[in-house]
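Step one of this worksheet: look at the structure below.
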Number of protein chains: 2
Amino acid sequence: MMRADAVRNRRLLMDAAAAEFAENGMDVSITRIATRAGIGKGTVFRHFDTKEQLLAEIFSDRLEELVTAGLRLAESDDPGAALFEFMTIGTEIQARDRSFCQAAAALSRSESAVHASRERPADVAETLVAKAQRAGAIRDDITGLDIVLLLSAASQAVLSISEDAPGLWQRYLALIFDSLRPQNAHPLPTAAPTRAQFTG
Amino acid sequence: MMRADAVRNRRLLMDAAAAEFAENGMDVSITRIATRAGIGKGTVFRHFDTKEQLLAEIFSDRLEELVTAGLRLAESDDPGAALFEFMTIGTEIQARDRSFCQAAAALSRSESAVHASRERPADVAETLVAKAQRAGAIRDDITGLDIVLLLSAASQAVLSISEDAPGLWQRYLALIFDSLRPQNAHPLPTAAPTRAQFTG
DNA sequence: TTCAAACATGACCGAGCGGTCCGGTTGATG
DNA sequence: CATCAACCGGACCGCTCGGTCATGTTTGAA
């Protein structure tokens, strides 16, 4: 059982870290984060052994948010729309924090803690895709893993644009939607990535 | 006129830096780069005032490569295929160096030297798009800037996959191709980015 | 109210960074 | 071959970073 002040500080810490990561990228100092949270530097390391672990924890939270939404959408009786909304939510989450998710994704190749938390969204995406394909809403040659990878693609597309382009990511997500529809399907040149490649 | 050893070292330096950036991201130390090039650390700063300038120079080189290809393709009499090949080349260049281009793109918001070098590919893309649209090869509601942004999207999609997935980016580029065809066009929810937003 | 365990704190550490600088070296020039 | 500006190299500087630790403070159960 954690003490009351400990849980309060942990919450403050994660919020401050998320905000700071989002604004200034992954290389903000622990000192900055601690200051923003109104907390001593040492306290940070009481809660998280290392900086990467802190980042992984936040990233994991974000993904859980997506998983929750995905599970709800899996009950929908319009599988095509459900998948599209799943992707919209996922992209919105990533677009919200800009460079943070980018850093986390890049880190997921080396940091296994980050890596593991990416499995669950992939599972959810897999079932959503399967349902949508059975309903004929999307083409047959794509997988759940494709969806997860395309999520970041849409939000990363706008990375080089100036800050104030709110909702621009929706433009590119809409384009990707169009590419998933069965009417336009041309054969894909490369096989889908395997789960082993994703999990590393 | 530069001395012979100076130009030789500059070449060695840029090659080593490009390789190191590609392998280890943007935060490799100058020392590492210098060592890899077999050159003293001080020499690096003789050629490039700052680390960002070095990165900008390399990035600019890559973009020039793309511009050259684009100008050649602008002469083609199959504008649709020309645009697609332009995108293929652009994505290949970015995929070749993985995290490097990501870092450069992120830096382009703050570093004006990097920024300026992105204008020319945008110009070329604009003319390629215009020709392709006149030929009816692609939908009318996208711009040259869209193309430039989508270039990074495809290569960034595979960022969280393990190293050895060569050519996987082609899969997602093919998907994007499908989304550009006029047959599938659904109205886009957000207006295209303006040149001012891009140039910052 | 008491008190031990859990927690917070910030001075402190070693390492590594980007960038500087000057003594020695090299290459073009006549 | 002689000369000298251009060039190279790496010790060096100031600084910031992630992470530790001894000391003081808070909490909650008894």
Side-chain angles (χ1 to χ4, degrees), chain A residues 1-59 99-100 103-104 106-107 110-114, chain B residues 1-59 99-100 103-104 106-107 110-114:
Chain A
M1 183 52 191
M2 283 178 78
R3 259 169 48 172
D5 54 345
V7 312
R8 195 196 55 215
N9 277 344
R10 188 188 171 94
R11 161 63 31 83
L12 284 174
L13 192 57
M14 289 191 64
D15 289 350
E20 207 66 43
F21 279 141
E23 292 173 16
N24 304 68
M26 198 196 60
D27 43 0
V28 291
S29 66
I30 294 281
T31 310
R32 245 186 102 93
I33 294 175
T35 303
R36 176 164 188 152
I39 273 178
K41 182 183 174 183
T43 310
V44 178
F45 289 99
R46 167 167 301 275
H47 289 283
F48 305 95
D49 286 355
T50 177
K51 191 185 181 182
E52 279 76 24
Q53 194 171 108
L54 166 58
L55 190 142
E57 210 91 5
I58 296 174
F59 192 54
S99 42
F100 162 67
L107 205 68
S110 50
E111 192 72 15
S112 56
V114 184
Chain B
M1 183 51 189
M2 283 178 73
R3 256 169 51 174
D5 53 346
V7 314
R8 194 195 57 214
N9 277 344
R10 188 187 170 94
R11 164 59 34 83
L12 283 174
L13 193 56
M14 289 192 65
D15 288 351
E20 208 66 44
F21 279 141
E23 291 173 14
N24 304 67
M26 195 196 61
D27 42 1
V28 292
S29 65
I30 294 282
T31 310
R32 245 186 100 92
I33 294 174
T35 302
R36 177 164 187 151
I39 274 179
K41 184 182 173 184
T43 308
V44 178
F45 290 99
R46 166 166 302 273
H47 289 283
F48 306 96
D49 287 353
T50 177
K51 191 184 179 181
E52 279 75 25
Q53 195 172 109
L54 167 57
L55 190 141
E57 211 91 3
I58 297 173
F59 192 55
S99 42
F100 162 67
L107 205 69
S110 49
E111 192 70 19
S112 56
V114 184

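Each chain gets a letter, A, B and so on, in the order its sequence line appears, and its residues count up from 1. In what follows, every heavy atom counts, from backbone to side chain, and hydrogens, waters and symmetry copies are set aside. Owing to the predicted nature of the structure, the values given are computational and were not obtained by experimental measurement.
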Phe59(A) and Phe100(A) aromatic ring geometry - parallel, tilted or perpendicular at 30°/60° bounds: perpendicular

Could you pull out the protein-nucleic contacts involving nucleotides 28-30 of chain C (nitrogen or oxygen on both sides, under 3.5 Å)?
| from | atom 1 | to | atom 2 | distance (Å) |
| --- | --- | --- | --- | --- |
| dA28(C) | OP1 | Ala4(B) | N | 3.1 |

Phosphate OP1/OP2 of dC7(D): any His47(B) side-chain N/O under 4.0 Å: no

Rounded distance (nearest 0.5 Å) linking atom CZ of Arg10(A) with atom CG of Asp15(A): 11.5 Å

Footprint string (nucleotides 12-24 of chain C, 5' to 3'): B base within contact, S backbone only, - free, heavy atoms under 4.0 Å: B----SBBB----

Ile39(B) CD1 - dC7(D) C1' separation (whole Å): 11 Å

His47(B) and its side-chain contact (heavy atoms from CB on, under 4.5 Å) partner, picked from Met14(B), Gln53(B), Met2(B): Met2(B)

Lys51(A) side chain to Val28(A) backbone, donor-acceptor under 3.5 Å: yes

Ion pair Arg32(B)/Glu23(B), N-O distance below 4.0 Å: no

d(CG, Leu12(B); C1', dC7(D)) in whole Å: 15 Å

Asn9(A) side chain near dA8(C) phosphate (N/O to OP1/OP2, under 4.0 Å): yes

Listed partners of Asp5(B) passing side chain to side chain donor-acceptor pair (under 3.5 Å), at least two apart: Arg3(B)

Rounded distance [0.5 Å steps], CD1 in Ile58(A) versus CZ in Phe48(A): 7.0 Å

Spacing of CD1 belonging to Ile30(A) relative to OG1 belonging to Thr35(A), to within rounding of 0.5 Å: 11.0 Å

Length of the CZ-C1' vector between Arg10(B) and dC8(D), whole Å: 16 Å

Separation of atom CZ in Arg8(A) from atom P in dG28(D), rounded to whole Å: 10 Å

